[in-house]
Amino acid sequence: MDIDELMRRLFELYPDGCTVDMREPFFALISTVMSHRTRDDVTYPAAEKLFKRFSTPEEMAEAEVEEIETLIKDVGFYRVKAGRIKEISRILLEEYNGRVPDEMETLLKLPGVGRKTANCVLAHAFLKEDALAVDTHVHRISNRLGLVVTKNPEDTEIELKNVLPKKYWINVNILLVKFGQNVCRPVSPRCGVCILNDMCPKILL
DNA sequence: AAAACGGGGGC
DNA sequence: GCCCCAGTTTT
């Protein structure tokens, strides 16, 4: 498997990154919490609308939770997420001087933040080179391509780090989310329009 | 280990 | 109208 060629094709297919500014830690954290079990084309507009109204932990912590709910009502689990967003903002203010922590162990203490979300923040906002965010898309596609043979995203994170050059870790998540949504879908993958057929051991056509 | 959270979008 | 979705928490 030529990993460099694989990634080159994905970069060529999806040259644009995320419309939310993931280099801003607070935006990266909140938008990633919003993205749980929700498509990115639904998540991004809602996140942009939310950040236009409340753009800092201070503003978000003082906001009425009902207004946060209204702003993000298009995403799934929006009531739970609105509560988490407000609580996360309060904790950032009270515990971390209004800053987003840049350590896995600390991020995991925040409500609604698991390993995948923490890795997204570490990779995209803090440019941590040892962070690789593995969601269901990365897990599924890495297995279909034969890059790894794993049962769960946790094992995929470990195994994929042994196979994928470090320089790709920061981007592979966003690329495979788009690819997984448009082509290598969970059910009925569109192998007929896939540009990776010659590399894939699981062509369904 | 499995259920629960949930509105939007594709078909 | 039915099925699935950038996970995490709770049972």
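Atom set for the values below is all heavy atoms of this structure, side chains included, hydrogens, waters and symmetry mates excluded. Reminder, nothing fancy here: chain letters follow the sequence lines and each chain counts from 1.
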Q: Please, what dot-bracket string fits DNA chain B when only Watson-Crick and G-U pairs with both distances under 3.5 Å count, crossing ones use [ ] and pairs to another strand use |?
A: |||||.|||||

Q: Mark yes when over 12 heavy atoms from residues, nucleotides or ligands other than A/Glu105 sit less than 6.0 Å from its CD; otherwise mark no.
A: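 Not buried by this count: 12 neighbours or fewer within 6.0 Å.
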
Q: Could you tell me if A/Thr117 and A/His36 have a donor-acceptor pair between their side chains, going purely by distance under 3.5 Å?
A: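 Present: a donor and an acceptor within the cut-off.
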
Q: How do A/Arg185 and A/Arg79 order along DNA chain B: which one's closest nucleotide is nearer the 5' end?
A: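 It is A/Arg79, whose closest nucleotide lies nearer the 5' terminus.
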
Q: When the P atoms of B/dG9 and C/dT8 are considered, how many whole Å apart are they?
A: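 Each nucleotide's P atom is 23 Å from the other's.
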
Q: Counting only heavy atoms not in A/Arg8 (residues, nucleotides, ligands), do more than 12 fall under 6.0 Å from its CZ?
A: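 Counting neighbours around CZ of A/Arg8, more than 12 heavy atoms of other residues, nucleotides or ligands fall under 6.0 Å, so yes.
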
Q: Taking only the P atom of each, what is the distance from B/dG6 to C/dT11 in whole angstrom?
A: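 14 Å, rounded to whole Å.
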
Q: Between A/Leu176 and A/Arg140, is a side chain to side chain contact (heavy atoms under 4.5 Å, CB included) present by the stated rule, with each step listed?
A: CA-CA 10 Å; A/Leu176 289 192; A/Arg140 178 186 70 260; over 6 Å; no

Q: Less than 4.0 Å between a side-chain N and a carboxylate O, is that true for A/Arg115 and A/Glu157?
A: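 Looking at A/Glu157 and A/Arg115, the cut-off is met.
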
Q: Students often get this wrong, so: under 4.0 angstrom with heavy atoms, is A/Lys73 touching a base, only sugar-phosphate, or nothing?
A: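 It contacts sugar-phosphate atoms only.
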
Q: What integer number of Å spans the P atoms of B/dA3 and C/dC4?
A: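 It works out to 15 Å between them.
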
Q: Take atom C1' in B/dG8 and the same atom in C/dT9, then report the distance between them in whole Å.
A: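 The answer is 23 Å between these two C1' atoms.
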
Q: For nucleotides 4-11 of chain C, read 5' to 3', which letter fits each nucleotide if B means a protein heavy atom sits under 4.0 Å from the base, S means only the sugar-phosphate is that close, and - means neither?
A: BBBBSS--

Q: If you draw a 6.0 Å radius around CZ in A/Arg90, do more than 12 non-hydrogen atoms from other residues or ligands fall strictly inside?
A: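 Enclosed: over 12 neighbouring heavy atoms sit under 6.0 Å from CZ of A/Arg90.
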
Q: Does A/Asn97 have more than 12 heavy atoms from other residues, nucleotides or ligands lying within 6.0 Å of its CG?
A: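 Incorrect, the count does not exceed 12.
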
Q: Specify the separation, in whole Å, of atom CG of A/Asn182 and atom P of B/dG10.
A: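 Nearest whole value for this atom pair: 11 Å.
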
Q: Reading DNA chain B from 5' onward, which residue's closest nucleotide shows up sooner: A/Val42 or A/Lys81?
A: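 The residue closer to the strand's 5' end, by nearest nucleotide, is A/Lys81.
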
Q: Counting only heavy atoms not in A/Glu59, do more than 12 sit closer than 6.0 Å to its CD atom?
A: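 Enclosed.
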
Q: A/Cys200 and side chain to side chain contact (heavy atoms under 4.5 Å, CB included): which single residue from A/Leu6, A/Leu145, A/Ile195 fits?
A: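 Answer after filtering A/Leu6, A/Leu145, A/Ile195: A/Leu145.
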
